[in-house]
Number of protein chains: 2
Amino acid sequence: MINKLSSTTLADQVEKHIIQYIRTNTLVPGDGLPNEMQFMEMYGTSRNVIREALSRLRMLGIVQSRTKRGMVVTEPPLLSSFRKVMDPQLLSIKTIKEMMGMRIVLELGLAEFLFENVSNDDISELEQIVSRQQAIGVNNLSVEDEMLFHSKIYKIAGNDFISQFNEIMHPIFVFVKHNYDDYFKPLSQNLDDNGKMVNHKQLLSFIKLNDKEGYYKATRGHLQPYWEFIYNFK
Amino acid sequence: MINKLSSTTLADQVEKHIIQYIRTNTLVPGDGLPNEMQFMEMYGTSRNVIREALSRLRMLGIVQSRTKRGMVVTEPPLLSSFRKVMDPQLLSIKTIKEMMGMRIVLELGLAEFLFENVSNDDISELEQIVSRQQAIGVNNLSVEDEMLFHSKIYKIAGNDFISQFNEIMHPIFVFVKHNYDDYFKPLSQNLDDNGKMVNHKQLLSFIKLNDKEGYYKATRGHLQPYWEFIYNFK
DNA sequence: AAATTCTATTTGTACTACAAATATGACAAA
DNA sequence: TTTGTCATATTTGTAGTACAAATAGAATTT
């Protein structure tokens, strides 16, 4: 079962075995697990190794431990560990481009849910955001200003996972805009089908008109800089 | 710096500190890190604690360690830990619904990249897949058969991250189809705008006609069971 | 100079010891 | 009998020692 001569460490193997243990025993959140001593006997390793494996599962949120109570299975927050690796310093250009692609895909696909769920109150909020941005001047928007509108769009669509995902990717967008800003000069590239620039005000107008197709195309134009970056950089 | 009286464990704190260390020193893949002994001195904890923290970062793929060489920063595989938590046993219905939503959003948004990248060879492959499925009978398709067509679509779109993401979510789809199969009776619900059923053959026909809008709407119809599940279940 | 061996360093694993928290049962009070 | 308090035992969290295994770099030999 546990192979001490493998290239992988014992902690790696024990981690896999414990995950397997949870699956094969169809344990669900709330169910108990063996304690450290019992795992030691099950896998014939030192407590150190068991603790390293459990430490990882604790970080993932798959298990929790409390003194005397032992370990219990928990529902993991899906994206907490994803957040930890989403660091532009650590990622290759290929991966960063894939994140840009993810952004485009999510925001286009989200239109379906956006138009299903949008309320009058949502539109009022969007109007406020847009009018503040008009006051600042659409060319002077910081990435945070820019983000404000889109975050609200995600929120309206009503899928917490996707909202969170977008929030986690945000540092990547900031990084790219700072380091490759040629692609993100507003007036030059956010063009729609007819070569007209697409700003938040116009996106909002399609929402108000309940024009999903128009919104989709406008969003596609609004995100054109990302597209350019994916296909033209380097 | 390290607080021994906190409710979080020392390993939790050291983990955060080491991640912070990598960020503030702008370390990139290939760069070295202090060894375990040095971290012990830096944070004033036992080697055990340091090793638990490093073990977690190793699992995330942020660092690698080799004897004598010490630790080096590495580019993490973004989704390896995501895969570990993507277990239908562990997830709530809310989260599972959000995954269904993710499926719809990804596949709709992906259309943009699909039509940009699709080649004649791709279309031939899709034709083969579809004809095999016609032979089996569209109502007899297993989830794996069903997946074959869509996986190819993802592959054509050319974003490895999204392909991998979809593959990781697959067990969730299988789980839902098995447990809530009322929503997934093919002939009754995969309807398009006009109330006609949408199968892979028809999706392919839109690709061949280079009709992106048609494909989008057809895909929306094809995924209608997911939509129904999200909004109607429970 | 090249190949080999040796040595020192670093990670991986095992084991012991104790602190801290707390579930459980024993016991006392009403 | 029920309730509240306390003691005990169990389990996780942390520290420390010891040694095995791997290997980078130095020393040695050819």
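Protein chains get the first letters and strands the later ones, always in sequence-line order, with residue 1 at the start of each. In this text, all values refer to a predicted model and were calculated from it rather than measured experimentally.
- Remark: C1' of C:dA23 and CZ of A:Arg69 are 9 Å apart, rounded to the nearest angstrom.
- Using the six-membered ring where Trp is involved, A:His170 and A:Phe173 have ring planes that are perpendicular, over 60° apart on the 30 and 60° scheme.
- Of the two residues near DNA chain D, B:Met40 and A:Pro34, the one whose nearest nucleotide lies more 5' is A:Pro34.
- Between B:Ser65 and A:Lys68, the residue whose closest nucleotide on DNA chain C is further toward the 5' end is B:Ser65.
- Only A:Arg47, A:Asn48, A:Val49, listed by number, bring a heavy atom of residues 47-60 of chain A to less than 4.0 angstrom from any atom of DNA chain C.
- Using cut-offs of 30° and 60° on the angle between ring planes, the pair A:Trp227 and A:Tyr231 is tilted.
- The distance from atom CG of A:Leu10 to atom P of D:dA22 is 12 Å, rounded to the nearest whole Å.
- Ring orientation note: the planes of B:Tyr180 and B:Phe229 are tilted relative to one another, at an angle of 30° to 60°.
- Considering every non-hydrogen atom in both B:Ile18 and B:Ala53, the closest pair reads CD1-CB, 4.4 Å.
- If you measure from atom CG of B:Asn35 to atom P of D:dT23, you get 17 Å, rounded to the nearest angstrom.
- Atom OH in A:Tyr43 sits about 15 Å away from atom P in C:dA14, given to the nearest Å.
- In this structure, B:Tyr43 and B:His17 have tilted ring planes: the angle between them lies in the 30° to 60° band.
- In this structure, CE of A:Met71 is placed 12 Å from C1' of D:dG13, rounded to the nearest angstrom.
- Per the geometry, CG belonging to B:Leu33 stands 14 Å off C1' belonging to C:dT11, to the nearest Å.
- Put simply, CD on A:Gln38 is 11 Å from C1' on D:dT11, counting in whole angstrom units.
- Ring planes of A:Phe82 and B:Phe161: tilted class, angle from 30 to 60°.
- At whole-Å resolution of the value, CD in B:Glu36 and P in D:dA15 are 15 Å apart.
- Both A:Arg66 and A:Ser46 lie close to DNA chain C; mapped to their nearest nucleotides by heavy-atom distance, the more 5′-ward contact belongs to A:Ser46.
- Evaluation of the salt bridge (charged side-chain N to carboxylate O under 4.0 Å, His left out) rule for A:Glu116 yields no partner, not counting sequence neighbours.
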